[in-house]
2 protein chains.
Amino acid sequence: MPRRPIEKAPEAPLDKTRPTSGLTLIDVAKVAGVSPITVSRALNRPELVSDLTLEKVRRAVALVGYIPNMQAGGLASKQSKLVAVFVPTIAHSIFSDMVQALMDQLGEAGYQSILGVTGYSLEKEESLLGAILGRRPDGIVLMGTEHSALTRQRLASSGIPVVETWDFCEDPIDILVGFSHEAVGKAVAGHLHDKGYRRFSVVSASDARGIKRCKGLVSELSERGITEVPQVIFTPPATLKEGRAGLSQLFSAGSNPEVVVCSSDTVAQGVLAEAASRGLRVPEDLAVMGFGDMGSAAQLYPALSSVRLDGARVGGLIAKVLLERFRNQGDHQAPVRIDTGFTLIDRVSA
Amino acid sequence: MPRRPIEKAPEAPLDKTRPTSGLTLIDVAKVAGVSPITVSRALNRPELVSDLTLEKVRRAVALVGYIPNMQAGGLASKQSKLVAVFVPTIAHSIFSDMVQALMDQLGEAGYQSILGVTGYSLEKEESLLGAILGRRPDGIVLMGTEHSALTRQRLASSGIPVVETWDFCEDPIDILVGFSHEAVGKAVAGHLHDKGYRRFSVVSASDARGIKRCKGLVSELSERGITEVPQVIFTPPATLKEGRAGLSQLFSAGSNPEVVVCSSDTVAQGVLAEAASRGLRVPEDLAVMGFGDMGSAAQLYPALSSVRLDGARVGGLIAKVLLERFRNQGDHQAPVRIDTGFTLIDRVSA
DNA sequence: GTAAATAATGATTGCGCAACCATATGTATG
DNA sequence: CATACATATGGTTGCGCAATCATTATTTAC
């Protein structure tokens, strides 16, 4: 192993700190007997290099165990190959299918994801953004369309492709891939009303999107002549516990609902559990409607009616749009607004 | 806003062609009227800079909206401030509390996390590692202690602090923070046996840790004279569906268990659902034991007995150990092996 | 009052890589 | 046979920053 004689420090301390990581293009180039830049090309644009050279380089890379330093590459090329993804939470989340699909597909294209957990707080989102912009991500994905003024301003002026998702609005920052929560609320109201339900109630988290769905529901019901909709609104995160407590609160407030519309399947599970513990039959005594159609909804007993969002599809769409943007950098980019829609899933519970 | 005319740059043309990302230390330095390196110091080691200068720099940073380029900083300082976290899945996962706590605490110390989703596959883990090592993370966190030979070799020779977690073994790569799954299996067996159960059965995912728990259970039962333990082993991911199917399979195979020990609370929920659909009373007709004590366990009806792992605490411990390592780089590092233990939670279901 | 220590700032260098341009070699075209 | 023209490779430069050393005020010690 060639030791580099340095002008000072004759007793160079054994660098046990960084064995493999000390390797550079130059080391590989020496072994392969080509110039460093040829090694770079062989790795990044192999079509520009002759088969013979390619083979030599590949052999050398494998021999010395070289792993390119993406920090250096990114600095030189101004591409980080990083996408920042902001989610409210990762625990038991309705977003996880979407995030997983997104990460998978970005990963296949050589992009890695850095996750920011905002805890449903716009302030947290803002401070996280400050930290993450330092990494110069090639793209940013945000849940929802509500952001602080500074967040919006920074994002807009950053020149980085931004995707807002899991909601819909008229004035997105950049790219929009999502669905209307008001429309979900209205659709649920219409569907349940058509099935004959009249005494509605809501147990919902107080996050922006839950509130929107609730408003949509109330508005549609009101058009159908129903104005009394008792609601229990709680602070996220949504857990079974909130669901159980929610139903209890409704009863103890004197409500006598036929159907409880919940802001998530998890909340609905809590309502189901509470109903079971009170000996209520579902849906005869009490109907329950979920949201999200997580895998569990179909498997519960009784099977939970819900609203399917197909997170994996949404995640895939986002990845596709982003990768498209990355490919045509500089070109004029047509604005992208995709409504991913939703599907009512009619099962036993409502 | 008091502007101080400095000896140079009277016509410093703020180039608005590049949004925010074009700004460098030099731009800030010009505005602040100091040298670039002083700006760097003011941001990274403010204690070395006079209050007056600090103020000038801060004002300039805010004025121009400068955000340091961490790629460049990392290249120069050989610190990425990045921690790679490998998880089998992020969806509805038992790991999410741990990951969230880990990310939170690392984030407070200025470290961001990059997530790798391995899908319970050692090959995927290996290929992801290849991609992620290119980022030169300052630390790596892995679920479990089973890894491919190449993964182990690469990690060991990378010189990067590695944490293996959520399991325990005798020969960790580097740092180990976890608990013994065999011990969990034995403890569950002992506990249920003491409560009087004799006809055991298992519904478990086939992941390495689930199998270990199963083995521990069987071994302890065998010491207590019980040799017949029907098992249903399925391929991850674990969902309610697997739980329902698992119980069905047990019955259709002619088993008549008193208690079903499950590899996760989610599976247990599935078993509960299947039991409910068959009109079985829990625990009178069939007892059910979960694993993980996710928030939902206590809220189910009937409340689910389980094994608590306290993921948040584990995540916090990992962050603490890692940050400690980062602080004392170069010094000799004592090996770290932490057994985080577990707690049996006795509720209604078993 | 001078030497020594401290505090505050600046100048230079190089981290590892890709963009850009320049330079060989061939290979078709008339 | 010369001009164009593609194919393959190398040289040089700079990305934005922090480490290292050098320098200048400012204070302290005796």
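To find a chain, count down the sequence lines: A is the first, B the second, and so on, and within it residues start at 1.
- Rounded to the nearest 0.5 angstrom, Gln112(B) CD and Leu115(A) CG are separated by 11.0 Å.
- Using modelled atom types, one finds no donor on one side chain facing an acceptor on the other under 3.5 Å when comparing Gln71(A) with Arg136(B).
- Remark: of the listed residues Arg337(B), Glu324(B), Arg325(B), Arg325(B) is the sole one forming a side chain to side chain contact (heavy atoms under 4.5 Å, CB included) with Ile175(B).
- Of the side-chain N and O atoms in Ser35(A), one or more sit less than 4.0 angstrom from OP1 or OP2 of dG10(D).
- Checking Thr53(A) against Ser50(A) by side-chain atom types alone, a donor-acceptor pair falls below 3.5 Å.
- A close approach under 4.0 Å does occur between a side-chain nitrogen or oxygen of Thr53(A) and OP1 or OP2 of dT9(D).
- Across the interface with DNA chain C, nearest-nucleotide mapping of Asn44(A) and Leu75(B) shows Leu75(B) to be the residue nearer the 5′ end.
- Considering only side-chain N and O atoms, Lys78(B) lies nowhere under 4.0 angstrom from the phosphate OP1 or OP2 of dA19(D).
- Here the nucleotide nearest the side chain of Ala76(B), chosen from dA19(D), dG10(C), dC17(D), is dC17(D).
- Atom C1' of nucleotide dG16(D) and atom CZ of Arg135(A) are separated by 15 Å, given to the nearest angstrom.
- Across all strands shown, Pro68(B) has heavy atoms under 4.0 Å from sugar-phosphate atoms exclusively, and none from any base.
- If you measure from atom CG of Asp51(A) to atom C1' of dT7(D), you get 13 Å, rounded to the nearest angstrom.
- Counting only heavy atoms from C-beta on, Ser40(A) has its side chain closest to dA18(C) among dA18(C), dG10(D), dA18(D).
- Mapping Glu47(B) and Gly73(A) onto DNA chain C via the closest heavy atom, the residue that lands nearer the 5' end is Glu47(B).
- One finds no side-chain N or O of Ser50(B) lying less than 4.0 angstrom from the OP1 or OP2 phosphate oxygen of dA8(C).
- When the nucleotides dT9(C), dG14(C), dG16(C) are ranked by their closest atom to the side chain of Arg41(B), dT9(C) comes out on top.
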Worked check of side-chain hydrogen bond (donor to acceptor under 3.5 Å, both in side chains) between Glu126(B) and Ser148(B): CA-CA 7 Å; Glu126(B) 182 177 302; Ser148(B) 77; 2.6 Å; yes
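- Asn69(A) places its CG atom 13 Å from the C1' atom of dC15(D), with the value rounded to the nearest Å.
- Residue side chain Arg136(A) does not reach the base of dG16(D) through any donor-acceptor N/O pair under 3.5 Å, judged by distance alone.
- Looking at the side chain of Ile37(B), the nearest of the listed nucleotides dC17(C), dA11(C), dA19(C) is dA11(C).
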